[in-house]
Amino acid sequence: MQIDMHYYGTYAMAAAAGIPRDDAEIVAHASQYVDDQDHEELRSVRTVNGDTCEAVIGIATAHSPYDISADVGLMKSLINKLTRRPMNSTADDSRLVWVPFHFLPGGGNGKYLERIMCKRDSQIAQEMIGHHIKQKDEKFNLQLLGIAAHVYADTFSHFGFSGTTSSLNQVEKDTISLDGRTSSKMQEMLWNVSERIKTGFANNSGLGHGGVDTLPDMPFLKWEFEHALGYVDKRDNTVNFLEACRRLHDHFTCFANEKGYSTPRISFDEIASTVEQYTLL
């Protein structure tokens, strides 16, 4: 998902669920910041008698925090753009960033690569956001709720893929098709030459949903593709995004109850048709 959902959709659901607007804005900002945090730096240090005993270092959680500064060579910039990799990426990216923030494992009883795949509204995802809601008395409770909302919402778009390198993430080339809801102009924009080249690189890496580029993150798409393992995945993003909004509204309502907010609330059924209309834009 992108800013239309992680910020604006999250804010709308939080406010409708009875979270005061100022607090809802903090929740939405924290949710979107997971995709915007693109740098690593020393955040704080605690010293005792001149000796450093504690340090907190920020980790870039953005999808593609490219450094396109003038001192970076053209070829290196191009390679990083094509492979959607940050300039300062490390071998720990999957473990520290992709898996926990963007592709929460769905669990289950299968093999490791199956269990680590993201699942839509999984039991793990529900337990995660439920646990964070219980932290209502923590000073950072709104920020924590926003981060949880980001991770939870992504399960409705990133399901079927994992945040680690896996053959299960690969798709068969040239099997992606979009239905009539997407104009030919939009298809041309999505699948021009550069997009196909970039997607090819990403598909070969087997990381995340790179093989289908940003198609899972666009709320108005109805599309399908064939996995490298041979089965066809047919998706209607509007249905998935609408359900994500409904479930976020449910969780935000629980949080509002836990906090004892007295702000007027709007049930999801009252706004469902409006939310669906906006996902189609």
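Quick caveat: nothing in here was measured; it's all calculated off a predicted structure. The first residue in the sequence is number 1, and the count goes up from there.
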Check Asp121 with Arg246, please: is the shortest side-chain N to carboxylate O separation under 4.0 Å?
no

Search all heavy atoms of [X] against all heavy atoms of [Y] and return the closest pair with its distance.
X      : Y      : answer
Ile133 : His251 : CD1-O, 3.3 Å
Asn141 : Glu138 : ND2-O, 2.6 Å
Thr238 : Phe220 : OG1-CA, 3.9 Å

So do Phe225 and Val232 actually touch side chain to side chain, heavy atoms under 4.5 Å?
no

A side-chain contact here means heavy atoms from C-beta on lying under 4.5 Å apart; do Ser157 and Phe241 qualify?
yes

Linking I/L/V/M/F/W/Y whenever their side-chain heavy atoms sit closer than 4.5 Å, directly or via other members, would Leu242 and Tyr152 fall into one cluster?
yes

Applying side chain to side chain donor-acceptor pair (under 3.5 Å), which residue pairs with at least one partner in residues 225-234 are found, sequence neighbours left out?
His227-Tyr231, Asp233-Arg235

Taking side-chain hydrogen bond (donor to acceptor under 3.5 Å, both in side chains) as the test, write out the residues that go with Asn240, two or more places apart.
Arg120

Any side-chain to backbone donor/acceptor pair from Ser94 onto Gly163? Under 3.5 Å, distance only.
yes

Check for a donor-acceptor pair, side chain of His249 on one end and backbone N or O of Ser267 on the other, with a separation under 3.5 Å.
no

Over 60° means perpendicular and under 30° means parallel, so classify the ring planes of His209 and His158, tilted if in between.
tilted

Going by distance alone, is a donor N or O of one side chain under 3.5 Å from an acceptor N or O of the other, for Asp236 and Trp223?
no

